[in-house]
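Presented below is the structure to which this report refers.
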Number of protein chains: 2
Amino acid sequence: MGGAAAEVIEPEIPAGSRIAAILDAAEIVFARSGFAGASVREIAERAGVAQALIHYHFKTKENLFEAMTARRSGEINNARAAMLDELLVNPDTVELEHVVEALFRPTIEVGHSLAEDGGGFSRILVSVANSSDERDKRLAEIYYDPIAHKFIDALCRIEPGLTRKDAVWAYMFSIGVGMTMMARTGRSTRLSAGECDDSDIEDMLSEIVIYVCGGIRALIGNQERNIQ
Amino acid sequence: MGGAAAEVIEPEIPAGSRIAAILDAAEIVFARSGFAGASVREIAERAGVAQALIHYHFKTKENLFEAMTARRSGEINNARAAMLDELLVNPDTVELEHVVEALFRPTIEVGHSLAEDGGGFSRILVSVANSSDERDKRLAEIYYDPIAHKFIDALCRIEPGLTRKDAVWAYMFSIGVGMTMMARTGRSTRLSAGECDDSDIEDMLSEIVIYVCGGIRALIGNQERNIQ
DNA sequence: CCATACTGACTGATCGATCAGTCAGCTACG
DNA sequence: CGTAGCTGACTGATCGATCAGTCAGTATGG
């Protein structure tokens, strides 16, 4: 019930260290089994360290989960912010498609780095974003609300016909579409008998950009209809 | 691994029975804590039965989870199919908006029946749909792929400009948008300072229909651009 | 010499599952 | 009618396994 008082963890993790090994292992295990389903023992085993070392560095399983989330979402959101800022240097030439691209591309590029099946952090991101669990909601608020506001502001700037309210809906719905991409369940492949391969990320992303931009522009159109 | 040989469970559950009480309790507990996070003990306690009774009726925790999923998804998908079939009686007058409405409305109406915060089965649906876990993927395939094919077929019929491939993408992306609605994390409310209330289901649904139809129509437009 | 990094051995709690056994109700037979 | 035989529903007690977390103690490098 703490409320607003929450701080971002970002403690400089030296690559190649045991701590990094633990976080890598945690990413794989949490991605496969979820928070409750994962065991600290398995993470320790995969990282090649004693279980007690995890508690030594991170104190609790929850802290470990947060540290792992913080590391990757830092990477992702720095890349997103950089792409967005670069676009907004010349605001008049920015197209909606560019903003949507900046929203999704960093997520898939770092999210699929680890784990043998390319699932990695993306899977964790999906479950955190969709969870009603208090822990997950808190993480979403701390690590993803700031960048969300940046993108919502950008939408309002480059599409002046969009109300603030519709911009928030547009953002939420678009993130929902992105979840389809990141969950990587193989369902689209199954439903299409192979035509829609959700492991072909480039193809999928180009379809998503078309769909999402169409959705956002429809919200603008609707607003104009309401005014007239 | 098993493969195609999977059967739909649908064993006629008498309402008011102890079995129904167990399923109701399971729905609430699984929705709040997920599969791994939920305990059979807590479900038994909430249902007011001995823990052993759950194992007597369902044998394993997994079977219980499947039975619970089967019951609600049966309800939801029967309603969806009925709405869709009624629309397709007069295929020429059907608008895309009607199909999208048929896709989402039954889900929210039965999905929010149980559980104090109105979360109920919707939350379970979200996690099953986005999970890469084998158990969840199997459930999605058995209980949701058939209705998915129906909707994809309907999209192709009423929007002839849509290729089969883009219809599958359209379906997947739209389901992704629907997840935003069903997860009910309160994030849209937070990001909009109250303007976008994700507990106001009617408002949310009307925005979703606009967005989703815009997205689908954009995929049609893109196909035409490719041909020219 | 001392702090930091690290470990093996351990704890109490909780997990899903199993067990023998109770009990109400039904059937069959004399 | 009555009672023996049987069944399905259900329970309390308890199983071994596994969980997150603790702690005393060791190794190591500046």
Side-chain angles (χ1 to χ4, degrees), chain A residues 9 11-69 71 124 127 131 133-136 138-139, chain B residues 9 11-69 71 124 127 131 133-136 138-139:
Chain A
I9 295 179
E12 284 295 320
I13 299 144
S17 67
R18 312 262 270 174
I19 292 186
I22 292 171
L23 290 175
D24 288 347
E27 197 168 303
I28 294 172
V29 177
F30 280 133
R32 186 182 349 105
S33 309
F35 178 80
S39 81
V40 178
R41 280 179 153 76
E42 190 187 346
I43 294 170
E45 208 168 313
R46 184 176 283 265
V49 303
Q51 187 200 340
L53 185 63
I54 294 182
H55 287 103
Y56 171 74
H57 282 303
F58 299 98
K59 198 74 184 167
T60 66
K61 187 184 180 186
E62 274 203 42
N63 282 351
L64 170 62
F65 189 79
E66 172 157 2
M68 173 215 64
T69 303
R71 181 179 67 157
I124 293 162
S127 72
S131 171
D133 183 281
E134 277 309 318
R135 177 191 54 256
D136 289 333
R138 188 180 143 270
L139 293 180
Chain B
I9 293 181
E12 284 295 321
I13 298 144
S17 68
R18 312 261 270 174
I19 292 185
I22 292 171
L23 291 175
D24 287 347
E27 197 167 303
I28 294 172
V29 177
F30 280 133
R32 188 186 338 111
S33 310
F35 178 80
S39 81
V40 177
R41 281 181 158 78
E42 188 187 347
I43 294 171
E45 209 169 312
R46 185 176 280 266
V49 303
Q51 188 203 341
L53 184 63
I54 293 182
H55 290 287
Y56 171 76
H57 281 303
F58 299 98
K59 199 74 184 165
T60 66
K61 187 185 180 184
E62 274 202 42
N63 283 352
L64 170 62
F65 190 79
E66 171 157 3
M68 173 215 63
T69 303
R71 182 179 66 158
I124 293 161
S127 71
S131 172
D133 183 280
E134 277 309 319
R135 177 191 55 255
D136 289 332
R138 190 180 141 270
L139 292 180

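Order of the sequence lines fixes the chain letters, A, B, ..., with proteins taken first and strands second; residue numbering starts at 1 for each chain.
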- Is the closest basic N to carboxylate O distance between Asp24(A) and Arg18(A) below 4.0 Å? no
- Are Arg138(B) and Glu66(B) within salt-bridge range, i.e. N to O under 4.0 Å? yes
Closest non-hydrogen atom pair between [X] and [Y], with its separation:
X        : Y         : value
Phe58(A) : Asn63(A)  : O-CB, 3.0 Å
Ile22(B) : Ile43(B)  : O-CG2, 3.9 Å
Arg46(B) : Arg32(B)  : NH2-NH2, 3.2 Å
Glu27(A) : Ile124(A) : O-CD1, 3.5 Å

- Message: By the 4.0 Å heavy-atom rule, please label Ala44(A) as base, sugar-phosphate, or nothing.
- Response: nothing
- Task: Would you mind telling me which residue lines up with the more 5' stretch of DNA chain C, His57(A) or Arg41(A), judged by nearest nucleotide?
- Result: His57(A)
- Using the heavy-atom set of chain A and a strict 4.0 Å cut-off, write down the first and last nucleotide of DNA chain C that makes it in, 5' to 3'. dT4(C) to dG8(C)
- Message: How many whole angstroms separate atom CG of Leu53(A) from atom C1' of dA27(D)?
- Response: 14 Å
- 5'-most contact on DNA chain D (nearest-nucleotide basis), Gly37(A) vs Ala52(A), goes to Gly37(A)
